[in-house]
Amino acid sequence: MVIDPVSHRRIDVPPDRRAVTLAAWLRDRPGITAVCRDGSATYADRRAGGGAGQ
């Protein structure tokens, strides 16, 4: 689940937690400038896929 960290509103529910899915999701949303993640190692490996910093 992807949540806006400021409003705490749900933005999207990706179909899985794979790095390739997250990378594609970020590419489709070039306005995202930062990523806050849970403890998932998958997201840690791919967080900067679209240039967004953690």
Side-chain angles (χ1 to χ4, degrees):
M1 183 178 302
V2 181
I3 297 174
D4 181 309
V6 175
S7 70
H8 304 286
R9 295 182 136 197
R10 182 176 54 196
I11 296 172
D12 200 359
V13 181
D16 57 55
R17 295 173 61 97
R18 298 176 336 165
V20 67
T21 302
L22 176 62
W25 192 89
L26 287 170
R27 271 194 304 277
D28 290 344
R29 292 155 182 85
I32 293 178
T33 59
V35 176
C36 302
R37 66 174 181 86
D38 65 6
S40 168
T42 299
Y43 287 171
D45 291 342
R46 197 56 216 165
R47 71 177 186 274
Q54 181 175 349

Contact summary for Asp4 and Ile11, nearest pair of heavy atoms: N-CD1, 3.6 Å
Heavy-atom pair of closest approach, residues Val13 and Arg10: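 So the two residues come closest at CG2-CD, 3.6 Å.
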Within this structure, what is the CG-CG distance for the pair Asp12 and Asp28, rounded to the nearest 0.5 Å?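 The CG atom of Asp12 sits 10.0 Å away from the CG atom of Asp28.
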Min side-chain heavy-atom separation Val2-Arg29 under 4.5 Å: no
Min side-chain heavy-atom separation Val35-Leu26 under 4.5 Å: yes
